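See below for the structure under consideration.
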There are 2 protein chains.
Amino acid sequence: MDRDQTEKDDEASGRPTLKTLAFMTGLGVTTVSRALKDAPEIGAETRRRVQLVAKQIGYRPNRAGVRLRTGKTNVISLVLNTEREIMSFVSDIIYGVSEVIADTPYHLIVTPYSRSQDPLDPIRYLVETGSADGVIISRTQPNDPRARYMLERGIPFATHGRTDMGLIHPYHDFDNYAFATEAVRHLAGIGRRRLALLAPPVELTYHSHTLNGFTDALSEVGASEIPFNTVSVDHSIEQIRMRTAQLMRRDVRPDGFVSSAAAATLAIVAGIEDAGLKLGRDVDVVSKQSSDLLHLFRRELLVVNENFRLAGAELARSVLGWIGGATPGSLRSLSKPTGVLAYRPPD
Amino acid sequence: MDRDQTEKDDEASGRPTLKTLAFMTGLGVTTVSRALKDAPEIGAETRRRVQLVAKQIGYRPNRAGVRLRTGKTNVISLVLNTEREIMSFVSDIIYGVSEVIADTPYHLIVTPYSRSQDPLDPIRYLVETGSADGVIISRTQPNDPRARYMLERGIPFATHGRTDMGLIHPYHDFDNYAFATEAVRHLAGIGRRRLALLAPPVELTYHSHTLNGFTDALSEVGASEIPFNTVSVDHSIEQIRMRTAQLMRRDVRPDGFVSSAAAATLAIVAGIEDAGLKLGRDVDVVSKQSSDLLHLFRRELLVVNENFRLAGAELARSVLGWIGGATPGSLRSLSKPTGVLAYRPPD
DNA sequence: CCTATATACTGAAACGTTACAGATTGTCAC
DNA sequence: GTGACAATCTGTAACGTTTCAGTATATAGG
């Protein structure tokens, strides 16, 4: 009776469970469970036997069962702003994260939030509902309530970009200070003296990194700044284009630009040309880019590469590291810009 | 005694459960469960009372509990090729999907697969492990094993792009036939007679849609085709650029291009210019784009817009519709190109 | 007054997993 | 031969939910 019933139970459900394995091996469910996770109190042979059978029939632990029992979700959440995120950032960072979690049990869920919402909302949701074991956030601010909140709750996370609150947490950042200084030095090297910076939005930490690098290098090389802070890389293409054109029609206009984003650079160049000036002759532009396309746009553009896929991979590694018990302080990384491309004079 | 214990249980765990609600309302767990889902056999007042309390204390059903009991995951999976997917496609489609599932209990998980893998692998994984209630796939083929597989298993899905297997399933597609015909007509309208097509990869369904539109319109307007099928939009920028330059140096060279992707268009233009020819004078290019950037690249470019965010939203709606019991046949949509932008003659 | 029926509610069981607290052996010291 | 102990293994309960099979009460029909 008993056996018949058990058999039927196992046959009926398509997917093997611990019970199936227990039946097949003649062991108890508990033993099977522990054998699969290499618990020491299970005999070596039993362990091998269970693992063999499990592999043979393609056993995979039921995520809901594990999650209900242990609270472990095996989920990493990537939190994204649906309006302001850089396009290539989204795909590259996702692929970077994917690459790292590919041979782990982790799934990647994307948690979006929009302009209208408090950026803390999605984080609160994730933490309150226990929807993820780890979180990755971008658009990091010097005093970031999201980081503070997660630190308080003890949920592992990593930020793309640094904070400046005296709190330690994993991050990955691109060295925007180095980017800006190299950009300025390069422009000075080809004779540019009046430089404008299209900066990141003020509220984000890398705004000041970029700005500091820019102004430090400016005084180092003895060049001057033409203020261009009515727009940031967050503004629309049209806005940036218009403002650039306005700026370039002024008496004292820049002869060099440093741009923190590739799409914005397209707008800057358009604005320059709207004003009847020529890139490479009247003005030079150094831009960050994440895909290798800007040099097709105008060969005179000077580019510095930022690798978002790498960022995604690093962020994922950090979060997994923290979940795995590593100390947050050891999970910080900074990636250096790969140098300004050599200037090619116009034909 | 009993009460003390119950109270303690509820106090201890931070998050309210049905048990918490049951205790607070003085009802049974079953009643609470049913009251929350508006079951008819619960008294109207009780129902309101339970729902009020639930809202007040911020009750949210435990996903693992629901999933374990019912098998419902409340997850939609977006399956992406980590090498070949168009960059803007990834971010836009994610945002489109997000937009639709925002006020549902659904989460979006991204399931990646790489070049080396069988595209069926991630699908098998999802289905076998029951990881999602619905799936969205892209890079759809005329005879698509993934669609067939999911249809057999009865798991709701939607494809970006159509299949051609005589099987009915939800899809969203851009009308690439219309795109190609309009592109050709426009080029013919401005006097171009020898046209080349940079097509999608042959294995994907929209290759033939595009090609058919191209050739049909070609004979309609009496223009001729210059074969350009050694490359597709899947090839690298460098490859496309090189092939284009080769083509443009030949005696019989195209005076018009139709390009199925924006990034590829950059390469085509670069190739044209490598050959010493000028866009708008020697040759015109019509291109699809998904973000509004190509006109900044070269103002002579003729562009047609494909809205991936809309595609994401439509795909999500389709999958949710299918899950909700709608008939697959009713969940198909085709989006028309928004017209070729007016040609602006060079200054 | 009793029975049938509808209404409103409830406890127990189950989904698959892990943790806790044993239970069953065999080995060894004395 | 007995007790102690280690080595292996096992049953039960619990995580939060829904479903099944009820139970209790009120209402109506006869």
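When reading the values below, keep in mind they use all heavy atoms of this one structure, side chains included, and skip hydrogens, waters and symmetry mates. Each chain gets a letter, A, B and so on, in the order the sequences are listed, and its residues count up from 1. Note that this is a predicted model, so its numbers are computed, not measured.
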Euclidean distance, atom [atom1] of residue [X] to atom [atom2] of [N] [Å, nearest integer]:
X: Arg63(B); N: dG16(C); atom1: CZ; atom2: P; value: 19 Å
X: Leu36(B); N: dG16(D); atom1: CG; atom2: P; value: 15 Å
X: Arg67(A); N: dC15(D); atom1: CZ; atom2: C1'; value: 13 Å
X: Leu18(B); N: dC15(D); atom1: CG; atom2: P; value: 13 Å

Original post:
Can you tell me if the side-chain N/O atoms of Lys19(A) get under 4.0 Å from OP1 or OP2 in dG16(C)?
Top reply: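 No, because none of the side-chain N or O atoms of Lys19(A) sits under 4.0 Å from OP1 or OP2 of dG16(C).
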Subject >> Phosphate OP1/OP2 of dT17(D): any Ser33(B) side-chain N/O under 4.0 Å >> reply: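 No.
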Could you tell me whether a side-chain N or O of [X] sits under 3.5 Å from a main-chain N or O of [Y], the two making a donor and an acceptor?
X: Arg332(A); Y: Asp173(A); value: no
X: Arg15(A); Y: Thr129(B); value: yes
X: Ser33(B); Y: Val29(B); value: no
X: Ser318(A); Y: Leu331(A); value: yes
X: Glu85(B); Y: Asn81(B); value: yes
X: Ser77(B); Y: Val110(B); value: no
X: Thr205(A); Y: Thr140(A); value: yes
X: Asn143(B); Y: Met165(B); value: no

Original post:
Charged N to carboxylate O under 4.0 angstrom, Glu128(A) versus Arg60(B)?
Top reply: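 Looking at Arg60(B) together with Glu128(A), the answer is no, because their closest N to O distance does not fall below 4.0 Å.
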Original post:
Is the closest basic N to carboxylate O distance between Arg317(B) and Glu314(B) below 4.0 Å?
Top reply: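 Yes, Arg317(B) and Glu314(B) are salt-bridged.
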**OP:** Measure up the His160(A) and His172(A) rings against each other and bin them: parallel (under 30°), tilted (30 to 60°), perpendicular (over 60°).
**Re:**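 Answer is parallel, since the angle falls under 30°.
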Original post:
So how far off straight is the helix from dC1(C)-dG30(D) to dC30(C)-dG1(D), going by the axes through five pairs at either end, to 10°?
Top reply: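 Taking five pairs per end, the axes differ by 60°.
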Original post:
For residues 124-134 of chain A, which residues have at least one heavy atom under 4.0 Å from DNA chain D?
Top reply: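 Nucleic-acid contacts, sorted: none.
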Subject >> Given dT18(C), dC15(D), dT17(D), the nucleotide with the shortest approach to the side chain of Leu68(A) >> reply: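 For the Leu68(A) side chain, the nearest candidate turns out to be dC15(D).
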Original post:
Which of the following nucleotides, dT17(D), dC15(C), dT17(C), is nearest to the side chain of Thr17(A)?
Top reply: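 Of all the options, the side chain of Thr17(A) is nearest to dT17(C).
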Original post:
Going 5' to 3' along nucleotides 5-13 of chain C, which nucleotides have protein heavy atoms under 4.0 Å from the base (write B), which only from the sugar-phosphate (write S), and which from neither (write -)?
Top reply: ---BSBBBB
